[in-house]
Structure formats: C-alpha cells, structure tokens
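Inspection log for the structure reproduced underneath, given as structure tokens.
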Amino acid sequence: MIRKLLAVVCFAWMAIPASAQTVFEGARLITGDGPAPIENSAFVIEGNRITAIGRRGEVRVPQGASRVDLTGKTVIPGLIDAHSHIGYMRNLTSGPQNYTRENILDHMERFAYHGVVASMAYGSDFGTLPYRLRDETAAGTHPNAARFLTAGRGLAPQDEISPNNMRHSAILIRTEDDIRSAVQELKSHDIKMLKTWVDDRGGQIRKFPPAMYQAIIAEAHRNNIKVVVHATGLADVKGLLRANVDGLAHMVSDVDDELIELLKAHPNVFFTLALGGPRRIVYAPWINPVHPLIAETVPPEQIRRLQARLASTKPEDLARAQQAWNRLARGIKRLSDAGVRIGVGTDGGGQQGDQFIGWTMHTELENMVSAGMTPAQVLVAATRTSASIAGLDDLGTVAAGKSADFVVLDGNPLDDITNTRRINRVYMRGREVPRADMRAKWQAEFRAAAAK
C-alpha cells in the first residue's frame, strides 16, 4: 500500500504542466562524464527532467520557456555521497537515541543545502524507518531533502556489536545459516548492497575469518546483492578481492604491486575513500577561521568542540597522523593512476564526532585532489561514479533524460576544487532548493539554543 501511495505521489510530482520549461544559459557546464566542459552552455529543463543540453544558440528552446541567465557561473551535477551514517549525530550527542525521522530528514536537508543530492548509509540503519524514508525521498515527498539510500542492517561478528555504537543493531553472524537468514531479510526490503566489517580495530576485536566473509559474499551474490566491506588492512583487502567483493568502504592502509594487479583483475571493484577522519588532524584550515558554510549549518558549540579537539592534538600524535596521511595519499595516487574505480564517501554522520553533514563532502574533494587526483577526476568520482555505486541511474551527470539535479557555483572547480564550496544555487528535480529559508531556520534554532 505504501509503495502504491508513493507511486501516486511520484506521478503527481512528474505530472508538471508542459509549460513548466526553463532554459539555463551562459554557464560553464561540467556534465560529470569526463570530457571538457561546455562553455557558454544551454540546457533545458521540463518538469523535473533535463531534455536538452549543448552550446548556447545551438539548443532548441521551447516556445514560451522561461530563461535563467547563468553567465559567469559554473554548473556541476548534484554531488553524491556514496558512504555515510545518517541519523546518529545531533548537536553534541551521537548515538542510536538520535535516530528519528526528524533527525534523518534534517540531515538530508543539510546535504541538499551543500549541493549533495543523495547519500547512502552503510549498515548502520535499523527498523523499518530507513526503508520508508528511502522510498519517500526517492518519490520527492520531502522536496528539500536529498535522497536517502540505505544498505539496511550490516552483518557483523559478535565483537563489532555494542549497545552504543553504530553496529548496535547489526545482524549477528555466527554460522552460514545466519548468513542466509540475514541476506533474505535484506532482500525482502529490496536492498541492493549490504555492508559488513573485516577489521580487528587495532587488535581489539576478533574479526571475520576469510571463510566467513567468503560465505557472506557468495550468498549475497546468489541473491543479486552487492557487498561493500569496511576493511583497511592490506592482507584483508587482498583476501576480499580474491573472494569477489564489490567495494571497499575505506582507503586501504597501504598499496603494493600485488594489490594493483588484483584490482586490475577486478575492474568493477570500487573504493569510497572516507578521508576526512585521517586528514583533518593535520589539515583543517576551514575550522579556524570558520568557513561560512559551516557557520550557516553547524551549531556554534559543535564548532567550538572541534576547534578545541584539534588545538589539543599532541605533537607526537600530529606527526603520526601526518605520516599516515602521506602513506594514504601515495596509495590513492597509485589507485587513481591504475584506473581503479573511485567514488566519494565521507563516512559523514558517524560516531567519530563532528563530521559536519554536507560539509564533509567538500573537504573530501579537496583531500582527494591533495592526494594527487585531478579536479576533473574528483568531480567525476563525486558525481557519475558515486551515482553508479549507489545505483542511481537518473543522477550523476547533466544529460538529456536525467533528473534535473545540479549545483550552480560562483567559481570553477576545475581551477580550484574548493570552488565547489562557492554555492550560488542548488536544484533538485528541477526545483531550486530554498537555501535562504533553510539557513534562516537553522540560525533561529542556534539562537534559541544559546538563549536557554
């Protein structure tokens, strides 16, 4: 019944009068598919779809269409966060107690404000709420919220599960019968990709042995479900590749020749690098002074907490973090040069603390460029590749037939990737996101909290 209702809502959204046609003219258009941008472009929106793109003067403009002049602007496809953990953070607290409809939708609005039009949560969701919100946001029921996607409950060994962490509701796996039952549960909710963990957390827990993760991958594939794994150890990643894993949720700790050869033999395997945590210890100039996008969307007390945490980093910890980042950066460059499939995942919303929703996408892009990828490569990773990873066929590029989800920028990110932060406007499904109203609401909430 819910699916039928959502289908009606979706149809009503799409049934916008044919006269609702708009041509956007004059911008530098970065389509997301890799080639050089279209200078002095024109693209036509009808209802919630892009119907034509090209150079200004060469695209047929429908009679009666309204016109939007974007001369001097740059347009990119809506950004996609292919790895997040939504609903846990709220102000200075983080945990399952915050996992509510209100909080998840608030997070998805913050994504939209930052030009992120969809985000996929990896294995930290629970109950039936995420499936309802997945369907509602896909149908456009919440027009100011980015699309919420979910991998459902993750599959975890006993030691990963704790009442207060994001694996608190993961499906406990001890036997192959547990695996079959878990996969069937996820399949019943139309899950296309499941999440599991192969990590000893610095020797603190017992991780899945190879026989168990091999069985998880095989059973998922028998049911047409892909598998993404939290694993960073080089030996573990190699073992997962031999077991035909589909994706790695984090950057591997080191890269050697054997890993590169394995990845070349498995060209569809993807990485969502999640670099914010490893790098912000050594590089976070956006927190002091505070970048406007952060000040507009993050409570002041949360900003102060991160400032204090970074300022208190001990020199020896800073040195270790810098060495770790340098090693990761070298590895990322090797993966990129080898043509490995790299998407963008921020790990945003997780319980590491102070990963600001939406903003972390923009720092992730800068980190990827700092590691040696080009801005053009990074933009493809954040749009077309991430959309493909998340199974979003109608997002990821500005092209005829695609959903009209795009971001208007005041600078060219091909010149400087931090120009993705110079957001002029955001459009989802052909409609402008009311960023001024959203900003005013959050600022009023901040003032009210400060007055208590």
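If you read the sequence from its start, that first residue is 1, and numbering goes on from there.
Between Arg28 atom CZ and Leu409 atom CG the span is 10.0 Å, to the nearest 0.5 Å. Once rounded to the nearest 0.5 Å, the distance linking CG of Asn40 with OG1 of Thr71 reads 6.5 Å. Atoms NE2 and CG, on His266 and Asn244 in that order, are 4.5 Å from each other to the nearest 0.5 Å. In this structure, Thr385 OG1 and Leu379 CG are separated by 11.0 Å, a value rounded to the nearest 0.5 Å.
Between Arg90 and Glu445 there is no salt bridge, since no side-chain N of the basic residue sits under 4.0 Å from a carboxylate O of the acidic one. Using a 4.0 Å cut-off between charged side-chain N and carboxylate O, Asp317 and Arg320 make a salt bridge. One finds a salt bridge joining Asp394 and Arg147 here, because a Lys/Arg side-chain nitrogen approaches an Asp/Glu carboxylate oxygen to under 4.0 Å. A salt bridge links Lys192 to Asp190: at least one charged side-chain nitrogen sits closer than 4.0 Å to a carboxylate oxygen. Under a 4.0 Å N-O distance rule, the pair Arg167/Asp159 does not qualify as a salt bridge.
More than 12 non-hydrogen atoms from other residues, nucleotides or ligands lie less than 6.0 angstrom from NZ of Lys207. No more than 12 heavy atoms of other residues, nucleotides or ligands sit less than 6.0 Å from atom CD of Glu102.
Using bins of under 30°, 30° to 60° and over 60° for the plane-to-plane angle, the ring pair Trp359/His114 lands in the perpendicular bin. Ring geometry for Phe356 against Trp286 counts as perpendicular: the plane angle is over 60°, on a 0 to 90° scale with 30° as the lower cut. Ring geometry, His250 versus His83: the interplanar angle exceeds 60°, so the pair is classed perpendicular (tilted spans 30 to 60°).
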(Q) side-chain contact (heavy atoms from CB on, under 4.5 Å), that's the test. Do Val229 and Tyr213 meet it? Break it down for me. (A) CA-CA 9 Å; Val229 180; Tyr213 67 65; over 6 Å; no
Q.
Could you walk me through whether Asp410 and Asn424 satisfy the side-chain hydrogen bond (donor to acceptor under 3.5 Å, both in side chains) test, starting with their C-alpha distance in whole Å, then the side-chain angles of each, then the deciding distance to 0.1 Å, before giving a yes or no?
A. CA-CA 6 Å; Asp410 287 330; Asn424 183 277; 3.1 Å; yes
Q) Between Lys238 and Asp236, is a salt bridge (charged side-chain N to carboxylate O under 4.0 Å, His left out) present by the stated rule, with each step listed? A) CA-CA 5 Å; Lys238 289 177 181 179; Asp236 290 329; over 6 Å; no
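Arg153 forms no cation-pi arrangement with Phe126, by the criterion of a distance under 6.0 Å to the ring centre and an angle within 45° of the ring axis.
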